[in-house]
Amino acid sequence: MNILETVKEGVKNAIENLYSEKVDASSVILNPTRKEFEGDYTLVVFPYTKIGKKSPPQIADEIGNYLQANVSEISDFNVVKGFLNFSFNDEFWKGFLSQNVDNQLFGKGELTGKKVMVEFASPNTNKPLHLGHIRNILLGWSSSKILKAAGNEVVNVQIINDRGIAICKSMLAWEKFGEGGTPESTGKKGDHFVGKFYVEFESKFKAEYTAWQQSEEGIEHFLSHKKGEQTEDEYFKKYKQNYFNNQSQLGKAAKEMLLKWEAGDEETVALWKKMNGWVYDGFEVTYDSLGVDFDKLYYESNTYLLGKEMIEKGLNDKVFFKKEDGSVWIDLTDAKMDEKIVLRSDGTSVYITQDIGTANLRYQDFGVEKMVYVVADEQDYHFKVLFETLKRLGEPYATDLHHLSYGMVDLPTGKMKSREGTVVDADDLIAEVIDEVRKNSVERGEIEELSTEERNEIYRRIGLAALKFFIIKVGPKKRMIFDPKESVDLQGQTGPYVQNAYVRIQSILRKAATQEIDLSKGDNYVKIEAQEKELLGSLFTYPSLVQLAAKDLDPSSIANFCYNLAKDFHKFYHDHSILKAESEEAMAFRIQLSKMVATVLASGMDLLGIEMPERM
RNA sequence: GGCUUGGUAGCUCAACUGGAUAGAGUACCUGACUACGGAUCAGGAGGUUGCAGGUUCGAACCCUGCCCAGGUCACCA
């Protein structure tokens, strides 16, 4: 049994013995003692004042005495107001360390036998990945790692939006202005190459629209359609979509292309395949540099017709109802949502139809019992509706559906807008942060004797650590402001700071390996010091933190843990000598302690998708 | 307007899910190595946790009302 369980059981027994009242051991709450007080864990006794009918300090004292007498690991306690702080003895902590120091699986949960799917990334194929995708990908990837560490079997998937009007715009622009160029012939990365044509289409469309606005026809249109005091700018901004759909030559051409694609026109489909292929090649490079991969890709071109049969079945089961015009709806008003259409009056699918079908398909493919969708918070309502609908359809996985909703990424200058060219490109950003590390490292001159290849690998790891940590340390739900200048910071609360703690330890361990040191002497170390205890206490909480992070789908808690552990180590390292410790026992103990800190740091950072360098 | 998410030091973020004197980083001052790596450590200054009530031994956290910001309320995806 876990020591904390033992203590809780002890508290339960104490209350039974002292006050003849029954409490549930699982209801007992223990918190790590705050740094400014003496002790390892704290029991807040206020909840028991009613049961004990005595003052809080009296009760704390009585429970403390009982625990000290009956739980052998507890060596000491003190009472501050209603707070009972108790300490475990050194034997317990030394045992904890020696048992786990070489356990590479420390922190990993027992296998649950549960299969979980995580969907993330899910880009459109008309333009390259940007900063928003990076947040999505990092959240998805680390959630997946955390779920796996918590003992689940995990399947990573994404759904690629490879169809629709957007890609047709790129295709059309390439046909018109591409002059037969390819990524190879131009030396451009595939997704950027295709994205360029998307932008070109948009700018040509804008030119066409502006010209129309200034034409006699446009002016007349404005005068006869404007509402009230509406200015030209306001009116034409709103009318843009209408113009695209009904009047634009370019819009007409793009829509014709979409119709041809839907009809399966050979030439169109071939072009579509070719251009999407370029994009996928480009995406692959970006995923690779971020260090992520997927078990299966779903394509909307294959799934967009799914779900209709389930609507039929749901109609029979009265989950859905049909309106007079033939459209099919679900009524969620009793769940405080609205009615929602699931099938158009002409019998075709809408967005949610496809998602219903895809969820079912994934269940058939993998038998997953739990699904996590990593999607921006603008789709919160959509997923509420989707999950409720799947529940009512009686889908077997419907009780364990989660939307990992995250806030948008803003720049210090405001929102990212592709139209205004303020989007931060993923590939550029990665290259930039690595380059910054390179410059910094050259100045430092610490690793110049290594080969170019080795150095580049180190730069890559540090740069990505800086970028990833910077993004992951913020709680997912929070809308975050991304300052490119701060993202390349290598000091303070950063990925490289954590890496540096690890590197320092590796350096010590390398040096220690050249000496003959009897590590077993650490067991005879006499008095564990406060800072050592703090490190042990943090290490001790790691496994439960992994479980909590998995339950809450919150990688930021792991990032903050890693930072705090690294911080405690840096301080310990500064204040205590390890290889020149005052005794052989102290040296052996501290080497073991440092080693375990390094292992846990590497493990925690791995859950964030961050690799550790051995030197830096 | 309904629903929803957020509002904490100048700035970027924490706070173990209701616990002790609300913590870090950054920016600004000041200090610390003839080394187990200074990508480090220590100190100073910086707060009415958006506002007002309430609940209780105790509230940044729960309840009510209001203010500010984002999102969403399509037979778009």
Side-chain angles (χ1 to χ4, degrees), chain A residues 29-37 42 44 46-47 49-50 55-56 80-83 85 124 161 163-166 241 300 304 323 325-329 336-338 340-346 348-352 354-355 376-382 384 405 407-408 410 412 415 437 440-441 444 446 462 466 470 473-475 477-483 486 489-501 503-512 541 544-545 548 552 556-557 559-561 563-564 567 570-571 573-581 587 590-591 594 615-616:
Chain A
I29 297 169
L30 298 174
N31 296 315
T33 303
R34 295 181 63 123
K35 278 185 184 179
E36 55 271 34
F37 298 96
T42 297
V44 182
F46 286 109
T49 49
K50 274 180 193 144
S55 73
V80 182
K81 293 189 280 184
F83 299 90
N85 305 317
N124 295 341
N161 184 3
R163 58 176 278 276
I165 195 75
Q241 199 58 41
E300 272 194 18
Y304 79 111
K323 288 197 176 177
D325 63 0
S327 57
V328 181
W329 297 69
K336 287 200 274 188
M337 287 175 259
D338 285 328
K340 174 81 189 175
I341 190 163
V342 292
L343 210 56
R344 290 191 191 109
S345 51
D346 63 5
T348 56
S349 304
V350 292
Y351 181 39
I352 199 161
Q354 181 192 136
D355 272 3
D377 62 6
E378 58 191 355
Q379 295 200 39
D380 283 356
Y381 183 69
H382 169 74
K384 261 180 86 177
S405 161
M408 296 285 177
D410 291 331
K415 282 175 92 163
V437 168
N440 211 284
S441 178
R444 211 178 292 265
E446 196 72 56
I462 299 174
F470 186 75
K473 73 177 181 189
V474 181
K477 269 201 293 194
K478 201 151 187 155
R479 199 180 174 97
M480 70 175 289
I481 296 179
F482 183 92
D483 188 335
E486 285 176 22
D489 273 353
L490 309 173
Q491 275 140 22
Q493 196 178 30
T494 65
Y497 175 94
V498 179
Q499 289 178 320
N500 186 230
V503 165
R504 281 179 144 180
I505 296 171
Q506 296 312 310
S507 169
I508 292 173
L509 295 178
R510 274 195 300 271
K511 200 159 277 185
T541 60
S544 60
L545 181 71
L548 187 67
D552 293 348
S556 74
S557 61
N560 286 308
F561 169 85
Y563 171 70
N564 286 320
K567 187 176 163 62
H570 277 306
K571 184 168 170 53
Y573 174 92
H574 182 263
D575 293 347
H576 295 80
S577 197
I578 296 171
L579 292 179
K580 288 179 191 149
M587 176 170 72
R590 287 177 190 162
I591 289 173
S594 304
R615 304 190 48 183
M616 64 194 284

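In this text, all values refer to a predicted model and were calculated from it rather than measured experimentally. Sequence lines set the chain letters: A, B, ... in the order given, protein chains first and strands last, and positions in each chain run from 1.
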> With both distances under 3.5 angstrom, what nucleotide forms a Watson-Crick or G-U wobble pair with B/C11?
Replying inline: B/G25
> Starting at CG of A/D338 and ending at P of B/C3, how long is that distance when rounded to a whole Å?
Replying inline: 12 Å
> Given the rule in the side-chain contact (heavy atoms from CB on, under 4.5 Å) test, do A/S557 and A/L548 qualify, once you have shown the distances and angles that lead to the verdict?
Replying inline: CA-CA 9 Å; A/S557 61; A/L548 187 67; over 6 Å; no
> The side chain of A/R344 lies closest to which of these nucleotides: B/C76, B/G70, B/C41?
Replying inline: B/C76
> From the list B/G6, B/G71, B/C3, which nucleotide is the closest neighbour of the side chain of A/K384?
Replying inline: B/C3
>> Counting only side-chain heavy atoms from C-beta out, which of B/G71, B/U40, B/U5 sits nearest to A/Y497?
In response: B/U40
> How far does the P atom of B/G6 sit from the matching atom of B/G10, given to the nearest Å?
Replying inline: 23 Å
> Any side-chain N or O of A/R34 less than 4.0 Å from the OP1 or OP2 oxygen of B/U21?
Replying inline: no
>> Under the criterion side-chain contact (heavy atoms from CB on, under 4.5 Å), I'd like the reasoning laid out for A/N560 against A/Q493: C-alpha separation, chi angles, the key distance, then a yes or no.
In response: CA-CA 9 Å; A/N560 286 308; A/Q493 196 178 30; 4.0 Å; yes
> Would A/F83 and A/N31 count as a side-chain contact (heavy atoms from CB on, under 4.5 Å) if you check the C-alpha gap in whole Å, the side-chain angles of each, and the deciding distance to 0.1 Å?
Replying inline: CA-CA 10 Å; A/F83 299 90; A/N31 296 315; over 6 Å; no
> If the C1' atom of B/A74 is compared with that of B/A69, how far apart are they to the nearest Å?
Replying inline: 25 Å
>> Let's see if you can work this out: which of B/A39, B/C11, B/C13 has an atom nearest to the side-chain heavy atoms of A/M480?
In response: B/C13
> Just checking A/L343: base, sugar-phosphate only, or nothing, at a heavy-atom cut-off of under 4.0 Å?
Replying inline: nothing
>> Please confirm whether the shortest side-chain N or O distance from A/Y573 to OP1 or OP2 of B/G37 is below 4.0 Å.
In response: yes
> Just checking A/N85: base, sugar-phosphate only, or nothing, at a heavy-atom cut-off of under 4.0 Å?
Replying inline: base
> Less than 5.5 Å between centroids and less than 30° between ring planes, does A/F83 satisfy that with B/A20?
Replying inline: yes
> Rounded to whole angstrom units, what separation is found between the CG atom of A/D410 and the P atom of B/C13?
Replying inline: 10 Å
>> Measuring from the side chain of A/V474 (C-beta onward, heavy atoms only), which nucleotide among B/C16, B/G6, B/A14 has the closest atom?
In response: B/A14
>> Taking only side-chain N and O atoms of A/K567, does any of them lie within less than 4.0 angstrom of OP1 or OP2 on B/G25?
In response: yes
>> Tell me whether A/I29 at atom CD1 has more than 12 heavy atoms from other residues, nucleotides or ligands lying less than 6.0 Å away.
In response: no
> Separation of A/L30 atom CG from B/G19 atom P, in whole Å?
Replying inline: 14 Å
>> Please report the distance, rounded to the nearest Å, between CD1 in A/I481 and C1' in B/G10.
In response: 13 Å
> If the C1' atom of B/G46 is compared with that of B/C11, how far apart are they to the nearest Å?
Replying inline: 12 Å
>> Would the base of B/C36 count as contacting A/S507 through its side chain, where contact means a donor and an acceptor less than 3.5 Å apart?
In response: no
> If we take the P atom in both B/A39 and B/U4, what is their distance in whole Å?
Replying inline: 50 Å
>> Please pick, from B/A14, B/G38, B/C36, the nucleotide with the shortest atom-to-atom distance to any side-chain atom of A/K511.
In response: B/C36
> Touch check for A/I578, heavy atoms < 4.0 angstrom, all strands: base, sugar-phosphate only, or nothing?
Replying inline: base
> Does a nitrogen or oxygen in the side chain of A/Y381 sit under 4.0 Å from OP1 or OP2 of B/G2?
Replying inline: no
> How far does the P atom of B/G65 sit from the matching atom of B/G2, given to the nearest Å?
Replying inline: 11 Å
> A/F37 near the nucleic acid: base, sugar-phosphate alone, or nothing, with a heavy-atom cut-off under 4.0 Å?
Replying inline: base
> What integer number of Å spans the C1' atoms of B/U56 and B/C62?
Replying inline: 11 Å
>> Please give the distance between the C1' atoms of B/U34 and B/U30 as a whole number of Å.
In response: 24 Å
> Counting side-chain heavy atoms from CB outward, which of B/C11, B/A77, B/U40 is closest to A/N500?
Replying inline: B/U40
> Taking it one step at a time, do A/Y351 and A/H382 satisfy side-chain contact (heavy atoms from CB on, under 4.5 Å)?
Replying inline: CA-CA 9 Å; A/Y351 181 39; A/H382 169 74; 3.4 Å; yes
> Base, sugar-phosphate, or nothing: which does A/K323 touch, judged by heavy atoms less than 4.0 Å apart?
Replying inline: nothing
> Where the side chain of A/L490 is concerned, which of B/C13, B/A39, B/C36 is the nearest nucleotide?
Replying inline: B/A39
> A/H570 NE2 to B/U40 P: how many Å, rounded?
Replying inline: 6 Å
> The side chain of A/Y563 lies closest to which of these nucleotides: B/C36, B/A77, B/A24?
Replying inline: B/A24
> So what does A/V44 touch, heavy atoms closer than 4.0 Å: a base, only the sugar-phosphate, or nothing?
Replying inline: base
> Given the P atoms of B/G50 and B/A15, what is the spacing between them in whole Å?
Replying inline: 15 Å
>> From CZ of A/F46 over to P of B/C57, roughly how many Å is that when rounded to an integer?
In response: 10 Å
>> At 4.0 Å (heavy atoms only), tell me whether A/E446 reaches a base, stays on the sugar-phosphate, or touches nothing.
In response: base
> Using a cut-off of less than 4.0 Å, is there contact between a side-chain N or O of A/K571 and OP1 or OP2 of B/A42?
Replying inline: yes
>> Output the rounded distance in Å from CG (A/D346) to C1' (B/C75).
In response: 8 Å
>> Need one value for A/G475: base, sugar-phosphate or nothing, where a base atom within 4.0 Å counts as base even if backbone is also close, heavy atoms only.
In response: sugar-phosphate
> A/D483 has an atom CG; how far is it from atom P of B/G10, in whole Å?
Replying inline: 18 Å
>> By nearest atom, which of the nucleotides B/U40, B/A39, B/A20 is closest to the A/K81 side chain?
In response: B/A20
>> So, does A/T49 get its side chain near the phosphate of B/C57, meaning an N or O under 4.0 Å from OP1 or OP2?
In response: no
>> Syn or anti for B/U34, given that syn means the glycosidic angle lies within 90° of 0?
In response: anti
> Does A/K478 have a side-chain nitrogen or oxygen under 4.0 Å from the phosphate oxygens OP1 or OP2 of B/G7?
Replying inline: yes
>> Let's go through A/T494 and A/D489 carefully: what are the C-alpha distance in whole Å and the side-chain angles of both, what is the deciding distance for side-chain hydrogen bond (donor to acceptor under 3.5 Å, both in side chains) to 0.1 Å, and is it a yes or a no?
In response: CA-CA 7 Å; A/T494 65; A/D489 273 353; over 6 Å; no
>> Base, sugar-phosphate or nothing for A/T494? Non-hydrogen atoms, less than 4.0 Å.
In response: nothing
